[in-house]
Chemist: 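Handing you this structure, nothing more for now.
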Amino acid sequence: MRILALGVVAVLLAGCGGAGESGDSAAGVRNETAGVTDTSVLIGTHQPLTGPAAPGYATISKGAQAVYSYVNDGGGIHGRKIDYRVEDDGYNPTRTVEVVKKLVLQDKVFALVGGLGTPTHSKVVDFLTAEGVPDVLVSSGALAWDDPQGSPMTFGFQVDYTREAKILGTHIAEAMPGRKVGVLHQNDDVGRDGMAGLDRVIKDAIVSRQPYDPANADVLPQLTALRQSGAEVVVCECVPAFTALAILTAARLGYKPQFVVSSIGADVTTLTGLLADFGKRAGAEVSVPALLSGMVGAGYLPDVDSDDPWTTLFKEIHAKYIPDVALTDTVVFGMAQAYTFAQALKEAGRDLTRSKLLAAFESGKLEGPGMTPFAFSGESHAGYTGAYVFTVDSEVRTNVVREPMVTDRGDGPVTPAPSSRKTPAEVALVG
Amino acid sequence: MPDLLTLAMGGLTNGAVYAALGLALVIIFRATRVVNFAQPALALVCAYLAFTVNRATGGYWLGLLVALVAGAVLGALTERLLIRPLRSRGNELAPVIVTLGLLLVLQAVCGMIWSAEPRSFPYAFDFRGAFSPASVFVVVTVVVVAGAVLLLFGATPLGLRLRAAALRPDVAGLLGVRVGLMLTIGWVLAAVVGALAGVLAAPPFLSPTVLDTVFVYALTAAVIGGLDNPVGTILGGFVLGVALSFVSGLLGPELVTLAALAVLVLVLSLRPHGLFGSSVARRV
Amino acid sequence: MPALVRHLLWALLALVLVVALSLVIDPFTNVRLASVGYYLLAVAGLTVLTGLTGQVSLGHGAFLFLGAYTVGLLVIHAPALPIWVDLLAAAAVSGIAGALTGAAAARLHGPYLAGATLALAVGLPAVTQRFPELLGGSNGLGFTVSSLPPGLVGVVPTTRWQAWVVWATALLALVVLANLTTGPLGRQMRAVRDDEVSAALAGVRVGRTKVLAFLISAVCGGLAGGLQAFLLGTAAPGSFTPALSLALLAAVVLGGTGSLWGALWGAVALVYLQAGAEEFAHGFDLPTDVANFLPQAVYGVVLIVVVLVLPNGVHGVLRKFSRRRKESTV
Amino acid sequence: MLTVTGLVTAYGPVPAVDGVDLDAAGGVVTAVLGANGAGKTTLLRTISGLVAPEAGRVVFDGEDITGWPPDRVVRRGLAHVPEHGGVIAELTVAENLRLGGLWRPKADQRRSHGEVLDLFPPLAGRLPRQASTLSGGERQMLAIGRALMSEPKALALDEPSLGLAPTVTAAILTTLRELRLTALLVEQNARGALAVAAHGYVLAQGRVVASADADTLLADDQLRHAYLGF
Amino acid sequence: MRASSARLLGVEGVTVRFGGVTALDGVSLDVAAGTVHGVIGPNGAGKTTLFNVVCGFVPAAEGAVMLRDKRLRRTRPHDLAGLGIARTVQGLGLFGGLTVLENVLVGARGHQRSSALGALLGLPGSARDERRLAERAEAVLAELDIARWRGALPGVLPHGVRKRVALARALVAEPELLMLDEPAAGLSEVEIEDLVALLRGLTDRTSVLLVEHHMDMVMRVCDHITVLDFGRVIADGPPAVVRADPAVLTAYLGTAG
């Protein structure tokens, strides 16, 4: 028996990374320069690389890594190469907590960048706050990240679901007045916050609200209900796979509503890939152009199809570092996020500390890939403040029909975004 | 008033797939008293192979054929390499864990080869309309295959051997039946039916975890119907499919899994061996 | 020495070892140490059920789910309660659920029980979607348990304290399980497992015994879930997938069915096999998809190999080994 | 016809058959007698390949069949009717019968089928019924008839009288003798068995304790008393 | 033959049918207190069914089973021990995963006083209880001369020892009525001699009802014998009477050609 007990000790010790005490909150002192050396800075993230949420999201970190490689090959930021550690949490909150604790306590990352998912990331915000670890550019449109008092370390990234829905609702009210609106929404904060935004603008027009469960790929009952409600417009607060499922299921029912899709589910490249095969077998009426043309979507990052200078840069990086990964909005998301973080590192200056990084975010000087400004300031930690609206034409190209708009998450108006926006050359991270 | 007909037809299509995968489980359970937890993964590999062939040739039927052949090979390999060594063990937990392990390995292999991204998988026919050709194809195929399997078991010498080997392996051996071979054939047959279920369940999107819920409902259908009763399982699959479609449409999609649990608890508390299952006589 | 004293001494020794260990390891390893602790409890509970009464549950994650949510709700809505009250409540809630499940399951055998319990693991967490206001929907509950006694703030790091609480609770429960396995109840459970009719003829109430086993096992699961919530501050449906239930059962078999020592090896495997496989995958320059799925594949292969090569699990091998050593020294 | 030498079979550490030598001559019935647990059934199961022996040899019709799988043994011509007949209750009478000789050419199967029904007329009327509905005697007929479907060179029977009325037992045993098959007959019903057998072996504790002509055994009061319980 | 008039068990005109088959047909018998009562008959005569009726596992279509003066209704197996009945089963039914001592301890279940909770918490009362039971079990093991096997699993033991373990498990409950299903099956002559002596020695504390094939043994051990054939009683009485009955000879030994 004693042998067994000693075995336990040995096994546990084998997994022990070192006996340092710093980094734990009880030590009382925040380590301002954890993960930073003269030649490198270590950052981490949690992503669903496997499991139910992996489809659609597993490529974000690929895009981010490509940008970091590009930056590092250009000499890094202030001479520091960015070491990006991706931990798989399988979209399981328990594992999120475990891997984030590992990143913070064992790997001692300087900052957490772009942690993905509301159910997952919401469980580590308090911990990161307590440990004093910057928690920036969270990959989720939930409202919780914007809480400078309660969670001073946390900053959002993408436009929140409420703001975006207000903009889409405004578009519906103006471009499709008097039409009955149905909503298909994921049964979590994506749907709840999105509906809150719609309700601020077009509450009276909504005739049916159908939730879907991401674990149940059969949305026939929901689309049937939407059709029965007489909805002429269907707003999709969905992830891409469910946008595609909704479009296909509507086609299956012979139901032809105007689809209006929030940015998380409106990735035309991904949708094209998902819907590609059906036209081949079932005829032109279910070809990709037939299914997607006319779809209205929202975006806040430059479109993959556009000749935006940022898109040009991202295409170059893509071609050089990850040519075998399809260049989707999801990949661009990861790239834009990484680029924004690199900018913040540059802004923080040569003597990098965690406080300086936070200050760089709150400076309001970060402008970049996104089509609308960040809300970042001392008072707000919300990410992008608005979105543009596009439609898909019969050649599956996107056309912007409403230039970038900004709004707040309350009852404020929807107004055009400022037109000024830095180009890659102005940001000049490399070279 | 909800569109009950559409809900029913949608449920029938889903139920056909549960029935087919459930039938695969029942065939193996009857032959070897093992619940094959690797069944969804075996079917998944076959569906991905069909996908690859589809992409390469643009045709549907060659892909289906490849999937069925792959199913046969995988079924035989699984039985010979993983299940047979456990037969003499007499431990009902061992095959559970081994098939679970295989499930993890095969799902991971699919992820490694085809990535976690969903891939569009075509329907066999036009999928539009309440009674779309694609839905009719799924339902008819499953009914025909189930009928063929029942005919094979009930009316052919091979079926007689299979049943004898499953019911009384010791006696079957004494009657000249090659019991080991019959068990392998049972697994092959089940894996082929499973592969078919996988290909039918794959549209519109295929990803490594897509068959997990299908498997849970297939197992539910088999348990409701009685694990050793193919007819009960097929009925169970269709009934469950329609019931869950109604629950999703009338009460909300979040209640679907709870409804499946409720049905299961109800059935098993009335009949611990399923609606049509045979109970083993109590030994005194 | 009476069994109780012997078991308590063992638990005390183990606790001393854990405390000593927690002093020399870094904070994150303390988190892992605590994780081993709550998994140990969950696996031990399941191994009692599976090993002693032969009932195979594929749904034990449901009891962890109940325990975690009980602690989460109490921490949020009754923050004044001390953590041990929360844990007792978690044990009570899952115990009641376990008794109900056990009563429904007592007539079921083999695959029927497996199917029903799997449906439980799939179905129960969906309750959170039905009551999103109370249970947080798919986001679940997030909270922080601050249980560090005021006198220890700044003296003992949080993670170390958490490891102590988790292990103290787990070891206390293990003492009860050890009493069970070595005492008359465990004997009756094994009798029921081996031959229900003979056990009944000897006066053992077969149904009641099976329900009791389920109840005890569920209490352990609920406590483990409560400890997980205490440690990680989260209770969300995404954490209690069927995969968790299956992993617990796999850990039982990996360690060696029916043995509390085996439960320890199973728990260590649950925590370190995944982590180890990830390190292993990162160690090579592999394509992303391969690297992402390698840990899962390694886990699956380990399961298959262990069952095929070590029928009695890790503990079976160690016992054989130590017995052989003993014999060679005599 | 069938020669067993030094056969040892064990379940676990205790041998159930412990060095048995036995010789069954062609064309006659050889009886194996003994109390419950004497090792009779294990002996038969080892001969027909259901259990692997620890030691010893089984030679049948000039060929060493030791360790052969049971399906090969029956195809070689040695059919085994197990204890209680081994009728598969879930199958019909017709299916049970067909199982006996599935590997043989169709024409041979048909011929044997006719012969078996001639031999056991009660079966003919019950072909489509589930075997579970048969009476004990009918089951035993079905079991023997099924074994005959393989047109065996020899038959090994395990307690065909189990649970049968004496008249039925007598009828079955008489049929057996009239078939003039080589048969190895394991029985507790010693008197009935010895009445149709040419030679008898008595087993106790897995060993042969007596071997003699059937008549000699019937006449030996002391042996009867000690080992056969009557 | 011991004079003992008090009736412990009475079977009164019991008929049992399974589907269309009549397994028992108006069977009556009395077991007097302090006696060994044998039930014999060819295989399939209905002996095990009779046992099951007495235990209450199988309901009688007609007739009644009386224990002392109380009519036994449908009993669940675990109630038997409380009624003072212990029974062995044909297949022995030993617990393969329990040692010999543990097997016997399970049989002593009825004499356990401490509660489940006490056992879980390992309270002193439970530990005392456990010691007391262990002493009783050891005593029975010693009486049956199998104490040296106490730590072994049944699977590795010779058949004769296993039969004794099953007997010990029944005896440790100190029943008023001990029901033995073929206690001599598979035993050697020497072992049967021991068994006969042992059973004769039990009559001061329990009555025995046994089903047995081994005629010689039954004749020597029993005070009274009931012979069944095809579900009917064809003879009933002391061994000498039964032995001489021609109907018994025909039924039990079979007719010769």
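No hydrogens, no waters, no symmetry mates; every other heavy atom, side chains included, goes into these values.
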Chemist: Using non-hydrogen atoms and a limit below 4.5 Å, what part of residues 103-113 of chain B faces chain C?
Modeler: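 The residues closer than 4.5 Å to chain C, in numerical order, are B:L104, B:V105, B:Q107, B:A108, B:G111, B:M112.
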
Chemist: Under a 4.5 Å heavy-atom cut-off, does chain B meet the side chain of C:A126, its backbone, both or neither?
Modeler: both

Chemist: Counting only non-hydrogen atoms closer than 4.5 Å, does B:L86 touch chain C with its backbone (N, CA, C, O), its side chain (CB onward), both, or neither?
Modeler: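 For B:L86, the side chain is the part near chain C, not the backbone.
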
Chemist: Relative to chain B, which of C:A250, C:P311, C:P295, C:A104 shows the most heavy atom pairs under 4.5 Å?
Modeler: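 Of the candidates given, the most pairs with chain B belong to C:P311.
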
Chemist: Quick test of your reading: applying salt bridge (Lys or Arg N to Asp or Glu O under 4.0 Å), list the pairs with at least one residue in residues 289-302 of chain C, sequence neighbours left out, ordered by first then second residue.
Modeler: A:K62-C:D289

Chemist: If I compare all heavy atoms of C:G115 with all of B:V223, which pair ends up nearest, and what's the gap?
Modeler: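 Between these two residues, the closest heavy atoms are CA-CG2, 4.2 Å.
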
Chemist: Could you tell me how the ring of C:Y112 sits relative to the ring of B:H273: parallel (under 30°), tilted (30 to 60°) or perpendicular (over 60°)?
Modeler: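 Geometry flag for B:H273 against C:Y112: perpendicular rings.
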
Chemist: Is it the side chain or the backbone of B:Y217 that comes within 4.5 Å of chain C heavy atoms, both, or neither?
Modeler: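 Neither part; nothing is under 4.5 Å.
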
Chemist: Is B:L219 in contact with chain C via its backbone, its side chain, both, or neither, using a 4.5 Å heavy-atom distance?
Modeler: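 The answer is the side chain of B:L219.
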
Chemist: For C:R208, does the CZ atom have more than 12 heavy-atom neighbours from other residues, nucleotides or ligands under 6.0 Å away?
Modeler: no

Chemist: I need the residue from B:D212, B:L264, B:V35, B:V267 with the largest number of non-hydrogen atom pairs under 4.5 Å to chain C.
Modeler: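 Greatest number of close heavy-atom pairs with chain C: B:L264.
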
Chemist: Between B:S115 and chain C, which part of the residue has a heavy atom less than 4.5 Å away: side chain, backbone, both or neither?
Modeler: both

Chemist: Given that the side chain runs from C-beta out, which part of C:V298 has a heavy atom under 4.5 Å from chain B: side chain, backbone, both or neither?
Modeler: neither

Chemist: Determine the sole option in B:I97, B:L82, B:V96 for which the side-chain contact (heavy atoms from CB on, under 4.5 Å) test with C:V307 is passed.
Modeler: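 Considering B:I97, B:L82, B:V96, a side-chain contact (heavy atoms from CB on, under 4.5 Å) with C:V307 is found only for B:I97.
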
Chemist: Quick one: which residues of residues 49-58 of chain C reach chain B at under 4.5 angstrom, heavy atoms only?
Modeler: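 Expected list: C:T50, C:G54, C:V56, C:L58.
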
Chemist: Using every non-hydrogen atom in the two residues, find where C:P111 and B:L227 come nearest and quote the distance to one decimal.
Modeler: CB-CD1, 3.2 Å

Chemist: Check whether C:V290 gets within reach of chain B through its side chain, its backbone, both or neither, counting any heavy atom under 4.5 Å.
Modeler: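 Both the backbone and the side chain of C:V290 come within 4.5 Å of chain B.
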
Chemist: Return the minimal non-hydrogen interatomic distance between B:L268 and C:A116, and the atom names on each side.
Modeler: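 The answer is CD1-CB, 3.8 Å.
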
Chemist: Would you mind checking which part of C:L120 comes under 4.5 Å of any heavy atom in chain B, side chain (CB onward), backbone (N, CA, C, O), both or neither?
Modeler: both

Chemist: Working note: B:L261 + C:V122, criterion side chain to side chain contact (heavy atoms under 4.5 Å, CB included); need CA distance, chi angles, decisive distance, verdict.
Modeler: CA-CA 8 Å; B:L261 175 63; C:V122 176; over 6 Å; no

Chemist: Looking at C:L308, C:V301, C:V306, which one has more heavy-atom pairs under 4.5 Å with chain B than the rest?
Modeler: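 Option with the top pair count is C:L308.
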
Chemist: Heavy-atom distance under 4.5 Å to chain C: side chain of B:A262, backbone, both or neither?
Modeler: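 No part of it gets close to chain C.
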
Chemist: Would you mind checking which part of B:L251 comes under 4.5 Å of any heavy atom in chain C, side chain (CB onward), backbone (N, CA, C, O), both or neither?
Modeler: backbone

Chemist: Of the listed residues (B:V98, B:T213, B:T220, B:V265), which shares the most heavy-atom pairs with chain C below a 4.5 Å separation?
Modeler: B:V98

Chemist: Heavy-atom distances under 4.5 Å only: say whether B:A260 touches chain C with side chain, backbone, both or neither.
Modeler: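 No part of B:A260 comes within 4.5 Å of chain C.
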
Chemist: Return a table of donor-acceptor pairs under 3.5 angstrom between the side chains of residues 128-137 of chain C and protein atoms on other chains or two or more places apart.
Modeler:
unit_1	atom_1	unit_2	atom_2	d
C:T128	OG1	C:P125	O	2.6
C:Q129	OE1	A:N187	ND2	3.4
C:R130	NH1	B:E254	OE2	2.6

